> 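One structure, as structure tokens, below. Some questions next.
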Amino acid sequence: MSISLRHIEVFRAVMTCGSVSGAARLLHTSQPTVSRELARCEQLLGMALFERGHGRLRPTQQALQLFAEVERSFVGLERIVASADAIRQFAGGQLAVACLPVFAQALLPGACADFVADFPDVGVDISPQESPWLEEWLAAQRFDLGLTEQQQAPAGCQMQPLWQGDELCVLPAGHPLAEKRRLEARDFDGLSFISLAASDSYRQQVDAWLAREGVSRRLQLSCHSAASVCEMVRLGLGVAIVNPLTALAEAERGLAVRPLAESIPFSVQLVLPQFRPASPLPARFIAALRRRVSELDIRLSALRG
């Protein structure tokens, strides 16, 4: 029989503790077992490792030399075990997320807070980008996870629905329309209205709804950014209809938010590149996102009454 790792463990425990009894406690075994394994180790190595006398063990010069080598080996082993534990806990991992700017502003910060609380050693890199460049990035497999409004998956990607809510009206604090629980098209007639850019699909749906109802607004200001539109509303320059993520975030900053009689759905889609190296991190981050959108559903239900 050749020497085994167990023999070396027993030798190291005796050297570390200075006694058979201490080694037995360290290894969670009995003293006779330690004595037997130690004697077998000496037999297999063909040399005495300890001088025995008066119930004590004194390491020989050969034992001291061997212990120095054993310690170097165990330090390396402990480093491997520590590395494996870090990998299991995702320490030093990195998650790359690409998304539309609206998600970087109004959805991802909360999800990041939850995710980082669970995985404090994982880095998260968020890259906001508008369509169609966002979809090009995702098709190029440059990111672990994407968030988009588009209904069709980019090439080489899979898509999953994450959340859907209706567009909401944002009003300055104290605006007369804030007295109403739900706003009809006629409520906007003659009002100063701040719109998203003319090319925005949600702007187009809002315009079509109000046109069908024969409503005429005062359209003086428009902007690509929903956050900027809300800031103009805060300054009293008009009212606006924006996506529910931005609207709910702005409600926490003092704007009044009201649902519409017309449903203008706003959806959030998860995009998963198919050819990135497999990692458990995207699934963990998606779980954090799903917790956050569940909270949004509760807030929207309360808003609708």
Side-chain angles (χ1 to χ4, degrees), residues 1-97 108-126 143-145 272-273 276-292 294-295:
M1 185 179 71
S2 60
I3 194 164
S4 69
L5 179 60
R6 180 60 176 176
H7 295 128
I8 300 300
E9 287 177 332
V10 168
F11 166 68
R12 181 174 184 254
V14 173
M15 289 291 291
T16 300
C17 298
S19 66
V20 170
S21 58
R25 288 192 297 270
L26 181 64
L27 298 173
H28 304 289
T29 189
S30 66
Q31 293 185 42
T33 298
V34 171
S35 295
R36 184 174 60 253
E37 294 291 346
L38 184 60
R40 184 58 175 159
C41 179
E42 290 178 307
Q43 180 185 2
L44 292 170
L45 290 173
M47 60 182 175
L49 297 173
F50 296 93
E51 297 175 357
R52 294 161 174 83
H54 306 291
R56 300 186 64 183
L57 297 178
R58 185 185 300 274
T60 64
Q61 184 61 38
Q62 292 92 334
L64 293 173
Q65 290 179 259
L66 180 62
F67 183 62
E69 186 61 36
V70 167
E71 282 298 274
R72 282 193 290 269
S73 298
F74 268 80
V75 167
L77 179 61
E78 289 168 356
R79 187 177 296 116
I80 292 171
V81 171
S83 296
D85 185 63
I87 292 169
R88 185 173 62 253
Q89 299 299 323
F90 309 116
Q94 189 76 18
L95 182 71
V97 182
L108 288 178
C112 284
D114 293 344
F115 181 79
V116 169
D118 292 336
F119 306 103
D121 296 322
V122 176
V124 181
D125 180 71
I126 298 172
F143 296 88
D144 300 301
L145 178 66
L272 297 168
R276 293 274 292 182
S279 167
L281 289 176
R284 303 299 196 279
F285 195 80
I286 290 170
L289 283 167
R290 293 196 185 282
R291 289 196 297 271
R292 285 291 165 166
S294 295
E295 296 173 5

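Since this is a predicted model, take the numbers as computed values, not measurements. Sequence positions, counted from 1, serve as the residue numbers for this chain.
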> In terms of side-chain geometry, is the basic nitrogen of E295 or R292 positioned less than 4.0 Å from the acidic oxygen of its partner?
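Yes, this pair counts.
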
> Please report the C-alpha distance between L57 and S19 in whole Å, then the side-chain angles of each, then the deciding distance to 0.1 Å, and finally whether the side-chain contact (heavy atoms from CB on, under 4.5 Å) criterion is met.
CA-CA 7 Å; L57 297 178; S19 66; over 6 Å; no

> Are any side-chain N or O atoms of Q31 and backbone N or O atoms of V20, one a donor and one an acceptor, separated by less than 3.5 Å?
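It does not hold such a pair.
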
> Which heavy atom of A288 sits nearest to which heavy atom of A111, and what is that distance?
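Looking at all heavy atoms of both residues, the closest pair is CB-O, 3.7 Å.
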
> Could you check V122 against V116 for side-chain contact (heavy atoms from CB on, under 4.5 Å), going step by step and ending with a plain yes or no?
CA-CA 7 Å; V122 176; V116 169; over 6 Å; no

> The test is side-chain contact (heavy atoms from CB on, under 4.5 Å); show your working for S2 and L44 and say whether it passes.
CA-CA 7 Å; S2 60; L44 292 170; over 6 Å; no

> Check R72 with E69, please: is the shortest side-chain N to carboxylate O separation under 4.0 Å?
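The answer is yes: the pair qualifies as a salt bridge.
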
> Tell me the closest heavy-atom pair linking V10 and L38, and the distance in Å.
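Shortest heavy-atom separation between V10 and L38 comes out as CG1-N, 3.9 Å.
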
> For F115, what residues pass the ring-ring contact (aromatic ring centres under 6.0 Å, His included) criterion, not counting sequence neighbours?
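If we apply the ring-ring contact (aromatic ring centres under 6.0 Å, His included) test to F115, skipping adjacent residues, the hits are F119, F285.
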
> Nearest 0.5 Å please: distance from the CZ atom of R12 over to the CG atom of L66.
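Here the rounded value is 12.0 Å.
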
> Is the side chain of D144 donor-acceptor paired with the backbone N or O of A96 at a distance under 3.5 Å, no angle test?
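Yes: the side chain of D144 pairs with the backbone of A96.
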
> Can you name the closest pair of heavy atoms from V34 and A24 and give their distance?
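Looking at all heavy atoms of both residues, the closest pair is CG2-CA, 3.7 Å.
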
> If you measure from CE on M47 to CD on Q65, what distance do you get to the nearest 0.5 Å?
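The distance works out to 8.5 Å.
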
> Counting only N and O atoms by type, is there a donor-acceptor contact under 3.5 Å from the side chain of T33 to the main-chain atoms of T29?
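Not at all, since once roles are kept as given, no pair shorter than 3.5 Å links the two residues.
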
> OG/S279 to CD/Q94 distance, rounded to the nearest 0.5 angstrom?
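Taking OG in S279 and CD in Q94, the distance rounds to 11.0 Å.
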
> Give a yes or no on whether a salt bridge exists between R284 and D118, defined as a side-chain N under 4.0 angstrom from a carboxylate O.
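D118 and R284: not salt-bridged.
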
> Heavy-atom distance under 4.5 Å between the side chains of V14 and P59, does that happen here?
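When only atoms from C-beta onward are counted, P59 and V14 do not touch, as no gap falls below 4.5 Å.
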
> Run the numbers on V97 and F143 for side-chain contact (heavy atoms from CB on, under 4.5 Å), then give the verdict.
CA-CA 6 Å; V97 182; F143 296 88; 5.8 Å; no

> Given side chains that start at C-beta, do those of F11 and L45 come closer than 4.5 Å, heavy atoms only?
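When only atoms from C-beta onward are counted, L45 and F11 do not touch, as no gap falls below 4.5 Å.
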
> For R276 versus P273, what's the shortest heavy-atom pair and its separation?
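For R276 versus P273, the nearest heavy atoms are CG-CB, 3.7 Å.
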
> Say you draw a straight line from CZ of R6 to CZ of R40; how long is it, rounded to the nearest 0.5 Å?
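Output value for this atom pair is 15.5 Å.
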
> Rounded to the nearest 0.5 Å, what's the gap from CG on L95 to CG on L281? Could you check?
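Going from the CG atom of L95 to the CG atom of L281 covers 6.0 Å.
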
> R52 and E42: salt bridge (charged side-chain N to carboxylate O under 4.0 Å, His left out), yes or no, with the steps?
CA-CA 13 Å; R52 294 161 174 83; E42 290 178 307; 2.8 Å; yes

> Do I3 and C41 come within less than 4.5 Å of each other through their side chains, counting heavy atoms only?
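A side-chain contact under 4.5 Å exists here.
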
> Out of curiosity, F50 CZ to M15 CE, how far, rounded to the nearest 0.5 Å?
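So the gap between those two atoms works out to 5.5 Å.
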
> Within a radius of less than 6.0 Å around CZ of R58, do more than 12 heavy atoms belonging to other residues, nucleotides or ligands occur?
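12 or below, so no.
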
